[in-house]
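Take a look at the structure set out below.
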Amino acid sequence: DAPDFVLPSLDNKTYQLSEYRGKEVLVYFFAPWCSVCRLSADNLNDLREARSDDELMIMMVALSFEDVAEVRAFVQDLNLKVPVLLGNEQQASDYQIVGFPTYYVIDESGKLQSRSMGYSTELGMRVRTW
């Protein structure tokens, strides 16, 4: 099973992964200083437009950042349209994050379905979440 987490988002909400059982979830771990993250994160907006919230929950989890302002600037620069959560060392450890970006697809039953690291196109993400 995917390790559960409860994290605050940039828009002052709290997200708990296990609340999304019953739908597929894409969790995209990134660091605001990561240039590959900057290149591929925009593809999440395209994926969001292609798949409804009912079909697929998309959430980004920021790791390895110095302060919230750094994360907020990254999100505003890219005009991201998915929830951005403020992660910590626990998620980095639970999900064995060794590089950025790393993303997981979690199936409807809460099991880890796939893991990818590095740049991925919107099409690549769409194929993994279809």
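Relative orientation of the Y103 and Y28 rings is parallel, given thresholds of 30° and 60° on the angle between their planes.
Note that CG of D77 is 11.5 Å distant from CG of D42, once rounded to the nearest 0.5 Å. Taking CD from E108 and OH from Y20, the interatomic distance works out to 15.5 Å, rounded to the nearest 0.5 Å. Distance check, rounded to the nearest 0.5 Å: SG of C37 to CG of L63 gives 9.5 Å. A distance of 10.0 Å separates CD of E24 from CD1 of I106, quoted to the nearest 0.5 Å.
In terms of modelled atom types and a separation under 3.5 Å, the side chain of R48 and the main chain of L56 share a donor-acceptor contact. Judged by distance alone, the side chain of Y95 and the main-chain N or O of P3 form a donor-acceptor pair under 3.5 Å. In this structure, D4 contributes its side chain and S18 its backbone to a donor-acceptor pair below 3.5 Å.
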Would you please test I58 and R51 for side chain to side chain contact (heavy atoms under 4.5 Å, CB included) and show each step?
CA-CA 10 Å; I58 301 172; R51 302 279 307 276; 5.9 Å; no

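Every residue meeting the side chain to side chain contact (heavy atoms under 4.5 Å, CB included) condition with N88, not counting sequence neighbours, appears here in chain and number order: L7, Q90, Q91. Applying the side chain to side chain contact (heavy atoms under 4.5 Å, CB included) criterion to V71, with sequence neighbours excluded, gives L10, F30, P32, A62, F65, V75, V84, L86. In this view, S9 and D11 satisfy the side-chain hydrogen bond (donor to acceptor under 3.5 Å, both in side chains) rule, not counting sequence neighbours.
For E89, the CD atom is loosely surrounded, since the number of other residues' heavy atoms within 6.0 Å does not exceed 12.
Between S109 and R21, the shortest heavy-atom contact is O-NE, 3.2 Å. A pairwise comparison of heavy atoms in K23 and D53 identifies NZ-O, 2.6 Å as the closest pair. The minimum heavy-atom distance between M60 and A41, with the atom names listed, is CE-CB, 3.9 Å.
A continuous path of hydrophobic side-chain contacts links M57 to F29 [ILVMFWY only; heavy atoms under 4.5 Å]. Put simply, F5 and V82 are part of two different groups of oily side chains (I, L, V, M, F, W, Y) that touch within less than 4.5 Å, one to the next.
In this structure, the side chains of E66 and W33 stay at 4.5 Å or more apart for every pair of heavy atoms. Taking 4.5 Å as the limit, some side-chain heavy atom of L44 sits within range of a side-chain heavy atom of L26. Looking at heavy atoms from C-beta onward, V25 lies out of side-chain contact with Y104 at the 4.5 angstrom threshold.
Tested against V61 for a side-chain contact (heavy atoms from CB on, under 4.5 Å), the candidates I97, T102, L85, L17 yield a single pass: L85.
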